[in-house]
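Here is the structure we will look at.
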Amino acid sequence: MTRPLLELAGISKSYGGLKALDAVSASMRAGEVVGLLGDNGAGKSTLLKVLSGALVPDSGEVRVAGRPVHFRSPRDAEAAGIEMVYQDLALVPTLDAASNMFLGREPVRPGLLGRLGFLDKRRMRQESDRRIAELGASRVPPRREITLLSGGQQQAVAIARATGGDEETILLLDEPTAALGVKQRERIMSLIRALRDKGTLVILITHDLPSCFDLADRLVVMRLGRIVAHVETSQTDMGEVVGWITGARDPLVTMPVKEAQ
């Protein structure tokens with residue numbers, strides 16, 4: 001039996017009289033892709049900001065692998081294995097791919113050179129190649145500046161930096177296929193599947209319903225700060241999901257997560 005990797009219990013967040021999150025509760029397992037859906041203002045981005053440590057909730061509890069966690073910053077979330085890749089990717093355009101992948105975590109050379117602050121760039125390039133290859137993505141030239149890479153390659157760098165080879169990472173993705181061409185979108189979707197197969201829990205915000213239905217194991221639909229549907233992808237269709245997003249369809253009682261055998 002496998003217990004949920006991530007559990008949310010009564011997460012609420014208000015801005016004055018506006019309730020951005022209203023007692024949000026859900027649980028998700030390692031090794032699955034969860035599509036987080038909803039119209040603008042539904043609470044999706046606020047929820048991911050809470051999970052990534054960028055926002056502190058007013059009430060409620062987050063548990064990772066059964067342990068309550070309390071985030072005051074993104075570094076707290078990273079220490080618990082939660083990584084966020086924003087839509088703008090947060091890459092430094094003047095740095096190469098390897099430098100971006102190790103941004104803020106640069107290894108230094110051994111011995112005296114390391115004590116003097118010299119970076120181990122060879123190791124950074126080799127490790128970058130290894131991470132990209134493990135994800136099954138097309139090769140990204142580690143010495144090439146980010147601005148010279150395709151949109152799909154930039155997305156691959158951001159995702160590889162976030163996962164770092166940890167099989168129990170919880171990866172939060174904000175519109176990972178937006179502004180990508182068809183081939184690049186397919187490559188990123190393949191990369192996300194590879195992460196799922198490694199045991200990563202992937203939660204993605206997307207407005208691309210066809211891609212989401214092709215990719216996600218389960219769907220969480222939000223409206224006005226609440227979860228209105230939590231359902232296995234195979235048990236619903238796009239018509240139902242659009243109805244939940246717009247409010248034309250009655251909310252579905254949140255379904256419990258089935259225990260893996």
Side-chain angles (χ1 to χ4, degrees), residues 4-13 18-52 60 84-87 155 159 170-182 184-197 200-260:
L5 176 60
L6 177 67
E7 298 169 90
L8 314 175
I11 302 296
S12 295
K13 181 68 179 179
L18 174 64
K19 215 155 197 179
L21 295 175
D22 188 1
V24 171
S25 298
S27 57
M28 305 170 194
R29 294 188 303 266
E32 69 175 353
V33 177
V34 178
L36 185 57
L37 306 174
D39 208 346
N40 293 334
K44 310 181 303 299
S45 294
T46 303
L47 181 58
L48 288 200
K49 286 177 181 178
V50 167
L51 292 177
S52 68
M84 176 80 186
V85 177
Y86 291 96
Q87 189 171 353
Q155 186 71 255
I159 291 174
I170 298 170
L171 181 62
L172 314 175
L173 299 177
D174 186 2
E175 297 286 359
T177 60
L180 296 182
V182 174
Q184 292 179 337
R185 183 165 60 246
E186 286 297 328
R187 287 171 183 163
I188 295 304
M189 289 172 65
S190 295
L191 188 153
I192 293 171
R193 291 189 187 99
L195 287 168
R196 175 186 60 193
D197 293 343
T200 300
L201 166 58
V202 181
I203 304 172
L204 68 143
I205 292 176
T206 182
H207 288 89
D208 184 352
L209 285 184
S211 292
C212 188
F213 267 79
D214 187 37
L215 188 61
D217 301 293
R218 287 191 294 123
L219 305 173
V220 173
V221 184
M222 297 188 68
R223 177 172 168 77
L224 302 178
R226 296 182 177 182
I227 291 178
V228 294
H230 187 171
V231 63
E232 293 183 14
T233 308
S234 61
Q235 300 301 311
T236 188
D237 58 41
M238 279 188 271
E240 278 192 317
V241 169
V242 170
W244 288 318
I245 290 173
T246 61
R249 190 174 186 85
D250 290 337
L252 181 71
V253 176
T254 302
M255 62 176 290
V257 176
K258 294 180 179 179
E259 294 292 331

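Being a predicted model, the structure only gives us computed values, none of them experimental.
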Quiz item: What pair of heavy atoms forms the shortest contact from Ser12 to Ala23, and how long is it?
Solution: OG-N, 2.9 Å

Quiz prompt | Distance, nearest 0.5 Å, that separates OG1 of Thr233 from CG of Leu219 | solution = 3.5 Å

Quiz item: What is the distance from atom CG of Leu36 to atom NE2 of His230, rounded to the nearest 0.5 Å?
Solution: 10.0 Å

Quiz prompt | Check: Asp39 side chain, Ala42 main-chain N or O, donor-acceptor pair, under 3.5 Å | solution = no

Quiz item: How long is the span from the CD atom in Glu186 to the CG atom in Leu215, to the nearest 0.5 Å?
Solution: 9.5 Å

Quiz item: Side chains of Val24 and Val50: does their closest heavy-atom pair fall under 4.5 Å?
Solution: no

Self-check item: Exceeds 12 heavy-atom contacts within 6.0 angstrom, atom CG of Asp197
Solution: yes

Quiz item: Taking all atoms of both residues into account, what is the closest heavy-atom pair of Ile192 and Pro176, and its distance?
Solution: CD1-CG, 4.3 Å

Practice problem: Indicate the atoms forming the closest heavy-atom contact of Gly43 with Leu21, along with that distance. | Solution: O-CD2, 3.4 Å

Quiz item: In Å and rounded to the nearest 0.5 Å, what is the CG to CD1 distance from Leu191 to Ile159?
Solution: 5.0 Å

Practice problem: To the nearest 0.5 Å, tell me how far Ser27 OG sits from Leu8 CG. | Solution: 8.0 Å

Ignoring hydrogens and angles, write down the donor-acceptor pairs under 3.5 Å from the side chains of residues 201-213, residues two or more places apart or on other chains.
residue : atom : partner : partner atom : Å
Thr206  : OG1  : Asp208  : N            : 3.0
His207  : ND1  : Glu175  : OE2          : 2.5
Asp208  : OD1  : Ser211  : N            : 3.3
Asp208  : OD1  : Ser211  : OG           : 3.4
Asp208  : OD2  : Ser211  : OG           : 2.6

Quiz item: Is Arg196 salt-bridged to Asp217, cutoff N-O under 4.0 Å?
Solution: yes

Exercise. Step through the shown structure and confirm whether more than 12 heavy atoms of other residues, nucleotides or ligands are within 6.0 Å of NZ on Lys13.
Key: yes

Exercise. Taking all non-hydrogen atoms of both residues into account, name the closest pair between Ile227 and Ala26 and its distance.
Key: CD1-CB, 4.0 Å

Quiz item: Roughly how far, to the nearest 0.5 Å, is the CZ atom of Arg226 from the NZ atom of Lys19?
Solution: 7.5 Å

Quiz item: Quick one: does Arg223's side chain have a donor or acceptor within less than 3.5 Å of a partner on Thr246's backbone?
Solution: yes

Quiz item: Would you call Met28 and Ile170 a side-chain contact if the rule is heavy atoms closer than 4.5 Å?
Solution: no

Exercise. Report yes if some heavy atom in the side chain of Ile188 is under 4.5 Å from a heavy atom in the side chain of Arg185; otherwise report no.
Key: no

Quiz item: Sequence neighbours excluded, which residues qualify as salt bridge (Lys or Arg N to Asp or Glu O under 4.0 Å) partners of Asp214?
Solution: Arg193

Quiz item: How far apart are the closest heavy atoms of Glu32 and Arg29, and which atoms are they?
Solution: OE2-N, 2.8 Å

Quiz item: Backbone N or O of Asp250 within a donor-acceptor pair of the Trp244 side chain at under 3.5 Å?
Solution: yes

